[in-house]
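A short write-up of the structure that comes next.
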Amino acid sequence: MKTTNRTSRAPVGRFREKTIVLGVTGSIAAYKAVSLARRLMAEGAVVQVVMTRNAQRFVGPLTFQELTGRPVGTDLFAPSDAVPASMGMPHLALAESADLLVIAPASAHCVAKLAHGLADDLLSTLALAAECPVVVAPAMDGGMWTHPAVCSNVLTLRQRGVTVLEPEVGPLASGRTGKGRLPEEDAILSAIAGALHPVKDFKGQRVLITAGPTQEALDPVRFISNRSSGKMGWALAEAARDRGAGVVLIAGPTALPPVPNVTVVPVVTSEDMRKEVITRFVDSDVLIMAAAVADFRPAGSSPGKIPKGRGPRTLALEPTPDILMDLPSRRAGQFVVGFSAETGDLVERARAKLRRKALDMIVANNVTEPGAGFGTETNRATLLDRAGRCDALPLMSKLELAHRILDAVLEFPTDRLQKGGTS
Ligand code: PMT
């Protein structure tokens with residue numbers, strides 16, 4: 001077995017206690033950086049904005065200043081700018097204070113300067129001085145993005161360890177359609193989360209996660225389902241991805257956007273989900289069943305819409321197959337985590353499910369508790385495993401809980417998981 005000591009615990013919130021320098025360069029997409037700054041702050045970051053001269057032609061520094069409550073860095077030589085004179089050279093002080101530098105939007109010119117180490121303004125100089133992770137979200141016209149000079153600059157940056165996101169395809173400011181739009185905000189935030197997470201302790205692990213509800217059709221317009229939003233499974237997918245895992249997310253119908261750098265497999269019914277889990281289980285190292293799979297479905301589904309007005313109806317239901325009970329034998333030694341959604345007798349019922357479903361671990365949550373269970377941003381859970389662990393955790397964000405679950409998987413006393421290292 002290859003094991004590595006974990007050097008730090010997983011973060012408790014995505015960007016809490018992180019200082020993120022947001023560099024904004026001259027692009028029509030500069031206005032989108034305002035919303036990005038807001039999202040970073042909402043997720044706990046201290047945001048320090050630095051703008052190039054051309055960026056200020058698109059958006060005024062005052063907008064960012066009012067939003068972040070901090071002066072915006074615009075001038076390499078202005079001591080009163082973002083950094084008081086007492087803190088020394090602005091570019092060095094900003095570089096030192098940053099946990100991460102994100103440049104969004106990054107123009108083709110900015111990408112070229114970064115690649116060649118040019119330092120002729122505050123942003124490019126601090127980028128050169130910064131020792132923190134750097135994330136670049138380019139925005140430019142499609143023809144520019146595919147120009148050999150830009151391709152070579154992007155390659156140089158990536159080889160140097162800079163995270164350069166792929167621009168989005170769509171309508172461009174030039175009126176053309178192509179690849180050059182600023183990446184979606186969620187993709188930028190995920191890249192930041194990944195770059196901030198130094199511990200890749202799931203590197204090489206293939207993690208299969210289920211999320212969301214299933215829908216069981218009554219007729220072509222009606223179905224029975226449940227209140228799962230998918231947020232718990234989404235948080236697990238993001239956490240596992242950020243810790244280096246290859247993640248497949250089998251998701252029932254939800255309103256959530258796709259998770260960047262995660263293979264999302266959409267399903268509708270419990271039977272769809274069962275087939276996907278069974279097929280993909282053999283190629284996985286860890287399975288986490290966070291989905292609220294329907295326990296019952298209509299005994300028959302009508303091919304046409306059932307007409308109203310035929311008097312009261314009784315719905316005949318049949319049990320759905322239990323996916324966890326149907327798993328093929330764990331020849332490859334997969335680690336299986338179930339969830340237990342309860343409304344009372346939490347630990348007793350969860351422990352019974354742990355045994356009945358032959359799980360390695362179960363995450364028990366009381367879905368009637370305020371802030372816990374369905375649809376919420378937070379959850380409170382008790383972790384139980386077959387080695388006897390029983391850990392009642394406090395209320396926390398679903399992302400934090402996801403990290404605690406992954407911590408517990410790695411802490412399980414077994415040599416079956418090949419643990420990855422730090423990077
Ligand atoms: O999606 P959110 O809005 O964020 O809400 C999160 C959640 C409440 C859905 C989640 O935290 C949770 O509790 N998920 C499991 C819900 C559930 O179905 O629990 P259960 O106790 O009924 O099932 C036990 C386990 O068996 C679960 O891992 C479930 O996925 C699995 N199961 C259930 C039925 C079935 N036919 N096959 C299964 O494998």
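As a basis for the values below, the full set of heavy atoms in this structure was taken, side chains included, without hydrogen atoms, waters or symmetry mates. All ligand and atom numbering here is 1-based and tracks the order in the structure. In what follows, residues are counted from 1 in the order of the sequence shown.
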Should you measure from each heavy atom of A294, which atoms of ligand 1 turn up under 4.0 Å away? 36 (N)
Please state which protein non-hydrogen atom is closest to atom 24 (C) of ligand 1 and give its distance, to 0.1 Å? F339 O, 2.8 Å
Give me the residue, atom name and distance of the protein heavy atom closest to atom 5 (O) of ligand 1. G373 O, 3.4 Å
Heavy-atom proximity to atom 31 (C) of ligand 1, best of L324, N379, T210, L287: L324
Given side-chain contact (heavy atoms from CB on, under 4.5 Å), test D385 with D391 step by step and report yes or no. CA-CA 9 Å; D385 71 22; D391 245 357; over 6 Å; no
Where does K357 meet ligand 1, judged by heavy-atom distances below 4.0 Å: at the side chain, the backbone, both, or neither? side chain
Distance-only donor-acceptor hits, side chain of residues 244-269, under 3.5 Å, sequence neighbours excluded:
from, atom 1, to, atom 2, distance (Å)
T254, OG1, L256, N, 3.1
T269, OG1, E271, N, 3.4
T269, OG1, D272, N, 2.9
T269, OG1, D272, OD1, 3.2
T269, OG1, D272, OD2, 3.3

Please state which protein non-hydrogen atom is closest to atom 14 (N) of ligand 1 and give its distance, to 0.1 Å? A290 O, 2.9 Å
Is it true that a side-chain atom of R38 and a backbone atom of L67 form a donor plus acceptor pair closer than 3.5 Å? no
Proximal ligand 1 atoms for D295, defined as those under 4.0 Å from one of its heavy atoms: 22 (O), 34 (C)
The atoms of ligand 1 lying under 4.0 Å from a heavy atom of G375, numbered in the order shown, are 2 (P), 3 (O)
Can you tell me the protein heavy atom closest to atom 1 (O) of ligand 1 and the distance? S228 OG, 2.6 Å
Between V367 and ligand 1, is there a nitrogen or oxygen pair with a distance under 3.5 Å? no
Which ligand 1 atoms are under 4.0 Å away from a heavy-atom of G230? 1 (O), 2 (P), 3 (O)
Give a yes or no on whether the backbone of K32 and the side-chain of S35 come within a donor-acceptor separation of less than 3.5 Å. no
T74-Q56 side chain donor-acceptor pair, cut-off 3.5 Å: no
At the 4.0 Å heavy-atom cut-off, does G233 count as touching ligand 1? no
Backbone of A291 reached by a side-chain donor or acceptor of T210 within 3.5 Å: yes
Does ligand 1 have a heavy atom under 4.0 Å from the side chain of R274, from its backbone, from both, or from neither? neither
Take a 6.0 Å sphere around CD of E17 and say whether it holds more than 12 heavy atoms from other residues, nucleotides or ligands. no
Quick test: of every protein heavy atom, which one is nearest to atom 6 (C) of ligand 1, and how far off is it to 0.1 Å? M232 CB, 3.6 Å
Looking only at atom types and distance, does a side-chain atom of D219 sit under 3.5 Å from a main-chain N or O of R222, one as donor and one as acceptor? yes
Nearest protein heavy atom to atom 20 (P) of ligand 1, by residue and atom, and its distance? K353 NZ, 3.7 Å
Taking distance alone, with no angle check, do S229 and ligand 1 share an N/O pair under 3.5 Å? yes
Between T25 (side chain only) and A55 (backbone N and O only), is there a donor and an acceptor less than 3.5 Å apart? no
For A381, which part has a heavy atom under 4.0 Å from ligand 1: side chain, backbone, both, or neither? neither
Show the atoms of ligand 1 that are less than 4.0 angstrom away from any heavy atom in S340. 21 (O)
Can you sort out the partners of T214 under side chain to side chain donor-acceptor pair (under 3.5 Å), two or more places apart, ordered by chain and number? E216
Is ligand 1 under 4.0 Å from a heavy atom in the side chain of A211, in the backbone, in both, or in neither? neither
Please identify which atoms of ligand 1 are closer than 4.0 Å to at least one heavy atom of G338. 28 (O)
Which residue holds the protein heavy atom closest to atom 37 (N) of ligand 1, what is that atom called, and what is the gap in Å? I323 N, 3.0 Å
Expected output: side-chain D322 to main-chain M325 donor-acceptor under 3.5 Å: yes
Pairwise side-chain contact, L182 with S27, heavy-atom cut-off 4.5 Å (strictly under): no
Using atom types as modelled and distance alone, determine if a side-chain donor or acceptor of D360 lies under 3.5 Å from a backbone N or O of V336. yes
Under 3.5 Å: donor-acceptor pair, side chain of K231, backbone of A211: no
Would you say R243's side chain and H403's backbone share a donor-acceptor pair under 3.5 angstrom? yes
List every atom of ligand 1 that sits less than 4.0 Å from any heavy atom of K398, numbering the atoms from 1 in the order shown and giving each element. 2 (P), 3 (O), 4 (O), 5 (O)
Can you report which non-hydrogen protein atom sits closest to atom 29 (C) of ligand 1, along with the distance? A291 O, 3.6 Å
Heavy-atom distances under 4.0 Å decide this one: backbone, side chain, both or neither, for N365 against ligand 1? side chain
Counting only heavy atoms closer than 4.0 Å, does ligand 1 sit against the backbone of S270, its side chain, both, or neither? neither
Quick one: which ligand 1 atoms are inside 4.0 Å of a heavy atom on T320? 36 (N)
